[in-house]
Structure formats: structure tokens, C-alpha cells
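Order of the sequence lines sets the chain letters (A, B, ...), proteins ahead of strands, with each chain counted from 1. All heavy atoms count here, side chains included; hydrogens, waters and symmetry mates do not.
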Protein chains: 2
Amino acid sequence: MPRARLTPVSVTEAGAALIDEIGLEKFSMGLLAERLEVKTPALYKHVTSQADLVHRIAVRAMAEFADAIRDAIQGRAGSDALATGAQAMRTYVLEHPGQYAVGDAAAARATGPDDPIIPAVKRVVASWAAMLRGYHLDSSQEIHALRMLRSALHGFSTQEAAGGFQIDASVDNSFTWMINFLDRGLHDITATATAATTTRTPPPGGH
Amino acid sequence: MPRARLTPVSVTEAGAALIDEIGLEKFSMGLLAERLEVKTPALYKHVTSQADLVHRIAVRAMAEFADAIRDAIQGRAGSDALATGAQAMRTYVLEHPGQYAVGDAAAARATGPDDPIIPAVKRVVASWAAMLRGYHLDSSQEIHALRMLRSALHGFSTQEAAGGFQIDASVDNSFTWMINFLDRGLHDITATATAATTTRTPPPGGH
DNA sequence: GCGCATAGTTAACGTCATTAGCCTCCAGTT
DNA sequence: AACTGGAGGCTAATGACGTTAACTATGCGC
């Protein structure tokens with residue numbers, strides 16, 4: 001049995017892959033050790049606890065997620081940036097459901113400003129904010145549009161990943177429909193920018 | 001120590017309350033037994049396993065959730081029904097985060113058509129569908145609008161419940177803003193019903 | 001008052017996270 | 001090439017938790 005096989009990074013990577021395959025509930029140190037062809041206690045030479053390992057996975061996941069969103073939006077603007085970024089998010093969640101779930105949970109209960117997941121979360125928010133800038137929203141509405149976008153994309157992606165959409169046909173169509181809906185609405189806000197912002201905009205007279 | 005104190009229902013109710021307080025991760029049979037002033041194995045006289053108990057909690061939660069949505073929408077239509085139903089959902093999730101999470105998870109992996117959670121899920125969907133009918137959408141778009149609505153409301157509520165919105169100020173405003181945005185968009189679809197449905201509707205000429 | 005079905009109890013087992021203590025391999029020194 | 005020290009892996013043990021088995025006691029129907 002040769003030495004120097006595992007490192008904190010390699011353990012984290014293997015854990016990330018495993019958590020995508022079997023989910024956080026079934027994830028265990030024993031399973032990960034087995035996959036690494038090592039006995040369970042060996043893992044503790046590289047991570048201090050299961051909680052520590054999961055947090056490392058979360059940080060790594062959020063960083064990769066931030067990269068994916070940034071790369072998708074890069075060089076695009078407006079509707080194009082929205083559609084591409086949204087698809088990138090959906091793809092990431094579908095391909096890495098466990099990592100996304102863990103990253104999202106860790107971000108929500110991030111301890112302090114020194115938690116290494118915070119920069120990654122900030123990069124995600126910055127990407128979405130940059131994307132929204134293409135719609136020239138009133139600055140007072142940006143925070144609301146951002147939260148709506150996060151909510152809609154997060155909700156759709158996680159429900160799809162969890163198998164929450166019964167008729168699996170046309171989920172693609174539903175997603176693009178939603179993106180079109182959001183895009184149209186964001187454009188209309190800009191178009192009616194001088195009207196009241198907190199009350200409903202009257203429907204346009206016709207097409 | 002008198003007899004005949006616990007029942008499957010009372011155990012489920014106590015479990016539901018506990019899971020809201022401490023979350024699914026920290027939930028354990030030992031803690032629930034302690035709260036019921038009983039030793040752990042006593043619970044197994046009323047539920048067959050922890051998985052069984054959690055599933056009972058899920059079914060109960062989904063039924064109560066369905067009731068809340070139905071009651072909120074009852075007797076209302078259009079924008080009013082949307083706003084009230086959405087607030088009812090948000091309130092339920094914020095007040096019962098553990099139960100909602102468990103119910104949602106159970107619904108996603110519902111085994112067969114004989115799973116008792118299915119009727120409850122169907123009632124929820126029926127309520128949303130009835131609400132959407134007030135917007136007179138093209139029938140081909142209903143499924144997409146429904147999924148978008150579920151995604152947005154689910155995403156917003158769960159992220160808020162998890163503490164995912166950093167600046168906690170104005171979360172109320174963000175929610176009503178989102179509801180207004182969705183309402184406006186749904187009205188606009190109806191107004192431009194004869195135009196192409198899968199491509200973006202051109203922005204209205206002006207206000 | 002008597003029995004018995006049932007709710008609850010104690011004891012025990014298996015699994016998992018975690019820790020302690022040992023062992024062994026290999027890098028760098030000589 | 002032998003020496004050594006530290007790092008990485010292993011076995012054994014502990015404690016929490018889910019679960020089962022076997023026992024006990026209680027209160028309802030006769």
C-alpha cells in the first residue's frame with residue numbers, strides 16, 4: 001500500500017462527485033473511503049470532519065457555479081445574456097444536483113465574512129447584476145429583479161433536478177417559456193419606466 | 001406512567017412541530033421521544049420507522065399546505081387570487097420550513113399513484129390551475145405558466161426561509177414586486193394572445 | 001376480581017462519525 | 001547504503017442513533 005495518495009483537494013473532489021451521484025442524505029464517510037480504496041479513518045488525515053468536508057465541497061461547488069455563470073454571460077447582453085446564463089445555471093444544477101444543494105445551503109448559513117464561500121457567492125450575484133444592467137432598470141428595482149431571477153431559476157432548476165415536474169415532456173419548453181416571460185417583463189419595465197413602479201402597469205392597448 | 005397516551009397521529013403532529021423547529025438534519029427519534037416524555041422505542045409502537053414517520057409528516061404537511069392555498073384563493077380571481085395565494089404559500093413556508101421541505105421532497109419522489117401524498121399534491125396544483133384560469137391563458141401555455149409560478153414562489157419562499165437573502169430589509173417589497181411582475185406578464189400574454197406564442201412578443205409601442 | 005391486548009420499558013445489535021494509538025513507508029541526511 | 005522522522009494509512013475502541021427483541025405493567029371488557 002503506497003503512500004501519499006490522498007490530499008484535501010482530492011478527497012474534496014471525490015466527495016463532490018459522490019454527493020452528486022447519491023445525494024447528501026446517503027453520503028457517508030465510509031462510502032467515500034470505499035471509493036478511494038482506503039479505510040474510513042484515513043480521510044481524517046485530510047479533512048477534520050464530515051462537516052468540514054461538506055463545507056469544502058460547498059465552497060468548491062459555488063466557485064465552479066460562479067465560473068459557469070460568468071463564462072455563460074461573458075460577452076453577451078440583454079436577452080441573450082439572460083437566456084444563456086439561465087441555461088448555464090439549469091445545466092449546472094442538473095449535472096451537479098448534490099453539489100448545488102450543498103453549496104446553496106452553505107451559502108445560506110454562511111457564518112461570517114471570512115467564510116470562503118462568500119467571495120464565490122458574491123461573484124454569482126455580480127454576474128446576475130451585470131446581466132441585469134443590460135435591461136437598464138431603475139436602480140431601486142435591481143434588487144427585486146435580482147431576487148426574482150434567483151428565485152425563479154433556483155426554483156425551476158431544483159424542482160426539475162428533484163423530479164418535481166410530473167409530465168417530464170416539455171420541461172425544456174417550459175424553461176425557455178419562463179425565460180421569455182421574464183425577459184419580456186424586464187423589457188416592459190424599462191419601456192414604462194416613467195410610470196408608477198409599485199402599482200400595476202396598465203396592459204398595453206394592443207399589439 | 002399511564003397508558004394510551006400516544007397515537008400515530010399525535011406522534012406525527014409532534015414530529016411535525018419538532019421538524020419545523022430544528023430542521024430535518026437535526027431531527028431524531030430520540031429528540032422526539034424526549035419531547036413526548038417517552039423512551040425512544042415507544043415510538044415504534046405507532047410508526048414503523050423514522051422514514052415512515054417523516055413520510056406521515058410530509059403527507060400531513062402537503063394536505064395542510066393544500067388547504068392553505070385553497071382557502072386563500074377561494075372566492076378571489078385574477079390578480080387578487082394570485083397575490084393572496086402567493087402570500088399564503090410564502091407564509092406557510094416561513095412558518096413551517098421543515099414541514100414544507102419534507103413535503104416537497106416526498107412529493108418529488110412519490111412512489112406510485114397510491115402514495116397518499118399524491119391527492120394532496122393534486123389539490124395544490126388544482127388550486128394554482130384554477131387561479132391561473134382567471135388570466136384566460138391559451139391552454140398550451142397553462143402548463144408553462146404553472147411551472148413558472150411554482151418555481152418562482154417555491155424558489156423565493158425557500159430561499160427566504162433558509163436566510164438566503166442577505167439584506168433582510170425589503171424582502172416583503174421584493175415579494176410583492178415579483179408578484180406584480182408575474183401578474184403583469186400574465187395579463188400581457190392574454191392581451192397579445194393572437195401573436196406568436198413561442199417567440200418573444202415585441203415590446204408595446206409606448207405607454 | 002380476572003385476563004389479555006397493548007403501550008411502554010430495558011437490553012442488545014448494527015451502522016456511522018470520530019478519536020487514539022500503532023505501523024510503515026519514503027524523503028532527506030549522512 | 002543505512003538512519004530517521006514525519007506523514008499517511010490501519011486497527012481498535014467509543015459514543016450517538018435507528019431499530020428489534022423480550023419483558024412488564026396497565027386499564028378495559030368480562
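Checking the phosphate oxygens (OP1, OP2) of C:dT6, no side-chain nitrogen or oxygen of B:His46 falls inside 4.0 Å.
Remark: P of C:dA17 and CD of A:Gln50 are 5 Å apart, rounded to the nearest angstrom. Atom P of nucleotide D:dG8 and atom CG of A:Leu36 are separated by 15 Å, given to the nearest angstrom. The nearest whole Å value for the distance from the CG atom in B:Leu31 to the P atom in D:dG18 is 8 Å. In this structure, B:Leu32 places its CG atom 10 Å from P of D:dG18, rounding to the nearest Å. When rounded to the nearest whole Å, the span between CG of B:Leu6 and P of C:dT6 equals 16 Å. One interatomic measurement links the two molecules: CE of A:Met29 to P of D:dG9, which rounds to 13 Å at whole-angstrom precision. In this structure, CG of A:Leu24 is placed 14 Å from C1' of C:dA17, rounded to the nearest angstrom. Rounded to an integer number of Å, the gap from B:Lys26 NZ to D:dG18 C1' is 19 Å.
Comparing D:dT11, C:dA11, D:dG18 against the side chain of B:Pro41 picks out C:dA11 as the nearest. Of the candidates C:dT18, C:dT10, D:dT19, the closest approach to any side-chain atom of B:Lys39 belongs to C:dT10. Comparing atom distances between the A:Tyr44 side chain and each of C:dT19, D:dT11, C:dT10 picks out C:dT19 as nearest. The A:Lys45 side chain lies nearest to D:dG8 when the options are D:dT19, C:dT18, D:dG8.
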List the steps, then state whether side-chain hydrogen bond (donor to acceptor under 3.5 Å, both in side chains) holds for A:Ser174 with B:Arg147. CA-CA 7 Å; A:Ser174 293; B:Arg147 285 172 171 173; 3.0 Å; yes

side-chain hydrogen bond (donor to acceptor under 3.5 Å, both in side chains) between A:His187 and A:Ser79: does it pass, once the steps are laid out? CA-CA 9 Å; A:His187 274 298; A:Ser79 310; 3.1 Å; yes

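Counting non-hydrogen atoms under 4.0 angstrom, B:Ala42 reaches a base of the nucleic acid. Residue A:Ser49 is in sugar-phosphate contact alone, with no base atom involved, counting any heavy-atom pair closer than 4.0 Å across all strands shown.
A salt bridge does not link B:Glu95 to B:Arg90: none of the charged nitrogens lies less than 4.0 Å from a carboxylate oxygen.
Checked options A:Trp177, A:Phe181, A:Phe165; the residue passing with A:Phe156 is A:Phe165 (criterion: ring-ring contact (aromatic ring centres under 6.0 Å, His included)).
In this structure, the side chain of A:Asp80 does not engage the main chain of A:Arg76 through any donor-acceptor pair within 3.5 Å.
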